[in-house]
Amino acid sequence: MHIREMTIDSTSGVKEEWRGKFMGLTQEGTTYQGRATGIDHLKELGITHVHLLPVYDYATVDESTPEDEFNWGYDPKNYNVPEGSYSTDPYHGEVRINEFKQMVMALHEAGICVIMDVVYNHTHDANSSFNKIVPYYYYRYTSTGANSSASGCGNDTASERYMYGKFMVDSTSYWVSEYKLDGLRFDLMGLHDLQTMQEVESAVH
């Protein structure tokens, strides 16, 4: 489920300031032409889980004018921060945190578990905060010195390197413990080394 697309349309029945936002999935009693929409539609489907497309901070949507752009979210910028374009106020960090938590709580109260899509196999570009901290450490490179691109994105991360593996473990543990997520879906998990994935599994369980 894409957070924005679930409630962005006027036919969603969600109040205007919550359309396309985390809060849009907390509003009950929404309908269109007599049919349930939003979270009520999810409840009437009888589903047990929703898989959220990436909801961490991604690079290609300007949070101050989210209506001008669209992206699925597979271009990570800040892994441990909820995406601001899905909050009612992107200028104050506590708002996105609280609203994300309210959305998860609303889904849990509806009997629906929340799975988050995580994309640790690459970043938006190779000039990320990781590369600024320790150049050439957090990414994989070919024999020619070019960024590896098994992901097709041109900048594969290196989970087998201790500090990036540790970051993945710490990051996933943070999301699960702080936001009460019920599970994670790893994008291109086969690009990560087995040991790191086993450490992630152990940590989140």
Side-chain angles (χ1 to χ4, degrees), residues 1-8 12 14-15 17-30 36-58 61 63 66 71-121 159 164-189 192 196-205:
M1 182 175 70
H2 191 279
I3 293 295
R4 178 185 183 275
E5 294 306 281
M6 187 66 184
T7 62
I8 192 64
S12 69
V14 171
K15 57 184 179 180
E17 63 268 29
W18 285 1
R19 291 178 195 159
K21 310 295 184 184
F22 295 129
M23 294 301 292
L25 279 165
T26 68
Q27 185 178 342
E28 297 179 307
T30 59
T37 60
I39 195 169
D40 287 348
H41 175 58
L42 295 178
K43 287 191 284 188
E44 79 175 5
L45 287 174
I47 61 171
T48 59
H49 295 69
V50 289
H51 162 195
L52 302 179
L53 272 64
V55 289
Y56 51 71
D57 178 48
Y58 54 87
V61 171
E63 295 180 350
N71 198 284
W72 295 111
Y74 291 87
D75 54 333
K77 185 173 182 181
N78 295 303
Y79 284 105
N80 295 340
V81 180
E83 168 58 25
S85 67
Y86 298 151
S87 75
T88 59
D89 179 1
Y91 300 103
H92 295 87
E94 70 277 10
V95 175
R96 65 182 74 191
I97 292 170
N98 288 330
E99 291 179 349
F100 186 95
K101 290 183 176 183
Q102 288 180 67
M103 176 194 67
V104 173
M105 184 183 300
L107 288 165
H108 282 168
E109 289 174 350
I112 299 171
C113 295
V114 182
I115 311 299
M116 185 174 82
D117 206 316
V118 292
V119 187
Y120 294 104
N121 63 80
S159 63
Y164 193 68
K166 183 180 186 303
F167 175 83
M168 288 174 59
V169 172
D170 291 347
S171 178
T172 51
S173 299
Y174 169 73
W175 279 103
V176 169
S177 62
E178 183 66 25
Y179 293 94
K180 312 305 180 191
L181 299 178
D182 303 287
L184 304 166
R185 178 266 174 185
F186 276 76
D187 184 58
L188 296 177
M189 185 171 67
H192 300 307
T196 296
M197 290 310 305
Q198 289 172 333
E199 291 172 359
V200 166
E201 181 187 21
S202 177
V204 298
H205 282 170

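Nothing here was measured: the structure is a model prediction, and the numbers come from that model.
The stretch residues 105-118 participates, sequence neighbours left out, in these salt bridge (Lys or Arg N to Asp or Glu O under 4.0 Å) pairs: Asp117-Arg185. Residue pairs meeting the salt bridge (Lys or Arg N to Asp or Glu O under 4.0 Å) criterion with at least one member in residues 171-182, sequence neighbours excluded: Lys101-Glu178. Within the structure, salt bridge (Lys or Arg N to Asp or Glu O under 4.0 Å) contacts touching residues 37-48 (residues at least two apart or in different chains) are Glu28-Lys43, Asp40-Lys43. Identified under the salt bridge (Lys or Arg N to Asp or Glu O under 4.0 Å) test for residues 76-96, with sequence neighbours left out: Glu63-Arg96.
Judged by distance alone, with hydrogens and angles left aside, the side-chain atoms of Gln102 form no donor-acceptor pair with the main-chain N or O of Thr26 at under 3.5 Å. Panel note: side chain Thr30, backbone Thr37; a donor-acceptor pair is recorded below 3.5 Å. Judged by distance alone, with hydrogens and angles left aside, the side-chain atoms of His2 form a donor-acceptor pair with the main-chain N or O of Asn71 at under 3.5 Å. One N or O on the side chain of Asn121 and one on the backbone of Asp187 form a donor-acceptor pair closer than 3.5 Å.
Every residue two or more places apart in sequence or in another chain that forms a side chain to side chain contact (heavy atoms under 4.5 Å, CB included) with Val169 is listed here: Ser173, Glu199, Val200, Ala203. Under the side chain to side chain contact (heavy atoms under 4.5 Å, CB included) criterion, Ser159 pairs with Arg140, Tyr164, Met168, His192, Asp193, Thr196, not counting sequence neighbours. For Pro66, the side chain to side chain contact (heavy atoms under 4.5 Å, CB included) partners two or more places apart in sequence, or in a different chain, are Lys21, Val61, Ser85. Considering only residues two or more places apart in sequence or on other chains, Trp175 meets the ring pair (Phe, Tyr, Trp, His ring centres under 6.0 Å) condition with Phe100, Tyr179. When the side-chain hydrogen bond (donor to acceptor under 3.5 Å, both in side chains) test is applied to Ser12, no partner is found at least two apart in sequence or on another chain. Looking at residues two or more places apart in sequence or on another chain, you find a side chain to side chain contact (heavy atoms under 4.5 Å, CB included) between Leu52 and Met1, Ile3, Val50, Val55, Met103, Val114. Residues forming a side-chain hydrogen bond (donor to acceptor under 3.5 Å, both in side chains) with Ser171 (at least two apart in sequence, or on another chain): Asn80, Tyr120. When the salt bridge (charged side-chain N to carboxylate O under 4.0 Å, His left out) test is applied to Lys166, the partners found at least two apart in sequence or on another chain are Asp170.
Proximity of Leu53 to Tyr74: side-chain heavy atoms (C-beta onward) are separated by under 4.5 Å at one or more points. A 4.5 Å side-chain heavy-atom check between Leu107 and Leu42 finds at least one atom pair inside the cut-off.
Note that CD of Glu201 and CD of Gln198 are 7.5 Å apart. Values are rounded to the nearest 0.5 Å. Taking CD1 from Ile97 and CZ from Phe22, the interatomic distance works out to 10.5 Å, rounded to the nearest 0.5 Å. Rounding to the nearest 0.5 angstrom, the gap separating the CD1 atom in Ile115 from the CG atom in Leu181 is 8.0 Å. To the nearest 0.5 angstrom, Met116 atom CE is 10.0 Å from His51 atom NE2.
When the shell of 6.0 Å around NE2 of His92 is examined, it contains 12 or fewer heavy atoms from other residues, nucleotides or ligands.
Pairing each heavy atom of Leu25 with each of Met6, the nearest pair is CD2-CG, 3.8 Å.
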Subject >> Trace of the side chain to side chain contact (heavy atoms under 4.5 Å, CB included) decision for Tyr56 with Asn78 >> reply: CA-CA 7 Å; Tyr56 51 71; Asn78 295 303; over 6 Å; no

